[in-house]
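Sequential numbering from 1 along the given sequence is applied to the chain's residues.
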Amino acid sequence: SAFEGAVRDLVRSEEKVYRISNPATGFSDRYVQERLAARGAVPRSGLFDPPVFGPVFRRMFRPGPALLESIENVAAKNGLRVGRYSAVHLRLRHPLGWGGRRVAGRDGNGTADRSGLRFSGKEKSSAINIAVNAIECAVGNPASPMTVTNTNALEPLYLFSDSNDTVALLANPEASPFAGHRKVRILSRDVSSEALHLAYNKGSQYPPADFFGMFVDLFIAVGARCITFDGIGRFGLLASTISGAKCRARHRGAVRGVSSMVCQRLGLNHT
């Protein structure tokens with residue numbers, strides 16, 4: 001097709017960097033479709049339906065064998081089947097979520113974005129409050145099939161975040177604020193190690209496998225039927241845009257540098 005040919009030509013061309021996100025607004029299906037329309041790959045009259053960001057991404061980026069094995073292992077361990085679970089994203093180490101202030105990292109080592117969020121005091125209580133709002137936003141999303149009466153048929157919720165302590169707490173059926181809640185079954189990958197950040201954790205001391213967790217989260221989230229993402233940062237937004245899921249919600253936003261908890265259902269081209 002013209003679409004596949006255009007993507008193939010991009011991969012083979014001498015254009016070393018092809019932007020699939022808008023520098024100003026981030027990941028947007030609209031932006032990719034407009035660029036493809038300029039190349040004659042999709043008709044302008046048919047923009048935005050069906051979505052093309054995900055197909056473009058999948059043709060340009062594929063997990064290598066080792067990463068693919070990790071993704072499949074996490075999915076199998078949690079019993080996740082594509083399109084039969086929801087995903088919730090938390091971006092808890094970004095300065096914007098703390099009023100633009102770079103909070104101290106774990107054990108006072110650098111900043112939270114570099115070394116992990118300190119899970120005590122104000123940082124811990126704030127992280128839990130944000131997570132609870134996010135989960136409640138996901139469960140209350142009318143487009144989500146999570147409202148069920150049979151506990152055995154409960155659709156799982158995959159939680160992913162840059163704060164491993166927060167995920168570990170929420171995914172613990174005994175310690176979670178949702179312990180005993182019949183509509184919430186939270187799952188995650190192994191979060192015994194702090195999540196690394198590509199922008200800050202650089203150098204030969206980090207082998208590629210140390211970053212697998214981040215990509216496992218991305219590809220698992222892409223397979224979700226419903227995605228509730230954090231408006232702070234763009235990782236969850238990226239996952240939802242790749243997936244093309246029609247069931248999307250944002251649980252937090254920021255205006256003039258001040259973050260606030262919300263629950264806003266979104267269309268595909270809203271960021």
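By the ring-ring contact (aromatic ring centres under 6.0 Å, His included) test, His197 pairs with Tyr200, sequence neighbours left out. For Thr166, the side chain to side chain contact (heavy atoms under 4.5 Å, CB included) criterion is met by Leu90, Leu92, Phe119, Ala127, Ala131, Ser163, Leu170, not counting sequence neighbours.
Residues Asp217 and Arg189 have side chains in contact (heavy-atom distance under 4.5 Å, counting atoms from C-beta outward). Within the 4.5 Å cutoff, side-chain heavy atoms of Pro177 are placed close to those of Ile128. For the pair Lys77 and Asn73, the minimum side-chain heavy-atom distance is 4.5 Å or more. Looking only at side-chain heavy atoms (C-beta outward), Thr241 and Arg248 come within less than 4.5 Å of each other. Side chains of Leu196 and Met214 form no contact here, defined as non-hydrogen atoms less than 4.5 Å apart. Between Trp98 and Ser259, the closest side-chain pair of non-hydrogen atoms is not below 4.5 Å. Taking 4.5 Å as the limit, some side-chain heavy atom of Ile135 sits within range of a side-chain heavy atom of Val184.
Residues Arg185 and Glu155 are not paired through a salt bridge, judged by the lack of any N-O separation under 4.0 Å between the basic side chain and the carboxylate. A salt bridge links Arg106 with Asp165; the closest basic N to acidic carboxylate O contact falls under 4.0 Å. Remark: Arg114 does not engage Glu194 in a salt bridge, criterion side-chain N to carboxylate O under 4.0 Å.
The aromatic rings of Phe160 and His89 sit tilted, their planes meeting at an angle between 30° and 60°. Note on ring orientation: taking the six-membered ring where Trp is involved, the planes of Tyr158 and Tyr85 are perpendicular (angle over 60°, cut-offs 30° and 60°).
Not a single donor-acceptor pair under 3.5 Å links the side chain of Arg250 to the backbone N or O of Asp230. A donor-acceptor pair under 3.5 Å is formed between the side chain of Ser125 and the backbone N or O of Lys122. Checked by atom type and distance alone, the side chain of Asn78 never pairs as donor or acceptor with a backbone atom of Leu80 at under 3.5 Å. With hydrogens and angles ignored, the 3.5 Å screen pairs a side-chain donor or acceptor of Ser240 with a backbone N or O of Leu237.
Heavy atoms from other residues, nucleotides or ligands lying under 6.0 Å from CZ of Arg58 number more than 12.
Annotation for Ser161 and Val167: closest pair CB-CG2, 3.5 Å, computed over non-hydrogen atoms.
For the residue pair Thr111 / Asp113, no side-chain donor-acceptor distance below 3.5 Å is found, with atom types taken as modelled.
Applying side-chain contact (heavy atoms from CB on, under 4.5 Å) to Arg252 and the options Thr228, Ile130, Asn133 leaves one that passes, Ile130.
The cluster map of Ile, Leu, Val, Met, Phe, Trp and Tyr, joined by side-chain heavy atoms under 4.5 Å apart, puts Ile242 and Leu68 in different clusters.
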